[in-house]
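To find a chain, count down the sequence lines: A is the first, B the second, and so on, and within it residues start at 1.
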Amino acid sequence: MSADFRNIARAVAWRSVHNFLTNKALLIPALIFPLFFFASFAGGLSAVSNVPGFDFPTGYTAFQYVFVLMQSAAFGGVFTGFGIARDFESGFGRRYLLAATDRRGIIAGYGIAALLRAFVTWAVLTAVALVAGMQIDGSPIDLVGMYTLAILVNITATLWAAGVALRVRSIQGGPLMQLPIFLILFVAPVYVPLSLLSGWIHAVASVNPVTALLEAGRGFISGEPTVIGLAFALGIILPILFALWSRGGLRRAEAAG
Amino acid sequence: MNAENSTKGTAGTDGIEAIGLVREFKKGPRAVDGIDLRVEPGEIYGFLGPNGAGKSTTVLMLTTLLPPTAGTARVAGFDIVKEGPRVRSAIGAALQEAALDPLLTGTEHMRLQTSLHGLGKAERERRGGELLERVGLTRAADRKVGGYSGGMKRRLDLALALAHEPRILFLDEPTTGLDIQSRTALWEEVARLAAEDGVTVFLTTQYLEEADVLADRVGIIDHGNIVAEGTPTELKAEIGRPTVEAVPCNPEEREHTAAVLARFGEPADGAAKGAAVLLSGGDAGLAEVVRALDSEGIKIETLQLHAPSLDDVFLAKTGRSLEGAEEAVEETEDERAEVGAAEPA
């Protein structure tokens, strides 16, 4: 990694994080959104855990915490994509393209910012979940595994959204970034384990990569790790694929001027 | 223009040289149609033309923001396609629309820009403060840019372009939309940069006065082609001599006036109430004209000297006036969809 790459990435990340932390219009929705989902799912739907066959001794709050953690990781990446699209629409992206001797550093900078934003969101989410009585049965190493998966989800989503944003270069590309993430998250075992799903949703959820990530995450928080190999394989392969996708987007943005 | 003559040799490490530069867009004609140009180190080169003529597209290519469809160019001695990163480290650019973040202050913009160029913390602070002072923004440095006026934004954009002490500066219509005071201040700063710091300046403009006042040499572009190039004086001299027009107080003395004026040059058209001649001795002949009219006892109501302007040059070269030549449609993002462009470096 060259010094130029690091300088660009650091500068781009600094601006994004600075704006996130100093602008209430960006900060508050990013915090409220996952908390709202957490409160709705873990609170309003807690009776779901009483249905026969629902076997998750750590409790429904922890069950939903893992989903909201992964969801906020993914949507954090999408919101970063919105920022990239806005920057290129307003012309600010050109400032980066003009100054960057190694333009890959621009994507890395947005990626770092997305991760730092996610850390802020997760800190608040975790604090709220603990206050709400969330039980954690996993060891510290299990929790490292769970948060590592969340980080990989965030990186994947950021690279996906960056690829779209750099191709469309307009905030009008927002739905295109958001919709696939939204769909893939909600055709997974969100409210109940996979074994309790039936029909088409079970068939789709069985092949949905998010299912493996959720099951691994829930396994970590309950201290009974499961499908770790598949989850981490996805967590490594998907960022590589989407890194290529976002690099292609950067080339398109470079070619479009 | 003759490519062989204009591109002979190299423009050195601080110059610009383009040969047959072309940029084609999918839904439009060639925005830039094979231009050749050469800018010497330390020179202010004015690139003059109406909207849609290809000025901004040329700047985008020379600053590595847009790959050319054909042709080559070297900026600061580096090829714009093959050595993009090295070009970018040598240049600064303030593009047509100042790309600023309304949520950041002036100081924060300087911090961002200097960080992008890898300056250390101490150097960042020194350079940022120095540049903000130079463009007169010290007092507004800690205000969010969203509250800046157009002139302040332009000045900040210029300061940002200078953050890493570039050897070549591209300014794309830097004074469009500015009031006269802001425009003059910016002209002074650009002139100082070239004269004192030796920065090569490539300046696009649609203002004749701006090119006339600032540029050492001017290239006039129309429909993607350079139609004239030279110093403002050379270009004006190329198309003709100044005209003097005299209107006598007494209309009956019109013929007498014409006869006196005829001593100083060939008669010219366009003087309905008086007489006009093309001064064969140039501007210097005006004093003699005044003396001659006075000695003949002709009382003059108005006496006007019409020196050829760059607009006259544009008119002579294209058959249209520059001020009336603006095309309604600027280059749009749609038009920028690339057609067979080379991959950028």
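Of residues 100-118 of chain B, those residues lying under 4.5 Å from chain A by any heavy-atom pair are B/Leu100, B/Asp101, B/Leu103, B/Leu104, B/Glu108, B/His109, B/Arg111, B/Leu112, B/Gln113, B/Ser115, B/Leu116, B/His117, B/Gly118. Listed by sequence position, A/His18, A/Asn19, A/Asn23 are the residues of residues 16-42 of chain A in contact with chain B, using a 4.5 angstrom heavy-atom cutoff.
Proximity to chain B involves both the backbone and the side chain of A/Ala99, based on heavy atoms less than 4.5 angstrom apart.
The existence of a salt bridge linking A/Arg95 and B/Asp157 is confirmed by a sub-4.0 Å separation between a basic side-chain nitrogen and an acidic carboxylate oxygen.
Checking B/Leu65, B/Thr64, B/Leu160 one by one against A/Leu98, the side-chain contact (heavy atoms from CB on, under 4.5 Å) holds for a single residue, B/Leu65.
More than 12 heavy atoms of other shown residues, nucleotides or ligands fall within 6.0 angstrom of atom CZ in A/Phe5. Around atom CZ of A/Arg104, no more than 12 heavy atoms belonging to other residues, nucleotides or ligands sit under 6.0 Å away. The number of heavy-atom neighbours closer than 6.0 Å to CZ of B/Arg86, taken from other residues, nucleotides and ligands shown, is 12 or below.
Ranked by heavy-atom pairs under 4.5 Å with chain B, the first of A/Ala11, A/Ala100, A/Ala9 is A/Ala11.
Separating the OG1 atom in B/Thr63 from the CZ atom in A/Arg94 is a distance of 8.0 Å, to the nearest 0.5 Å.
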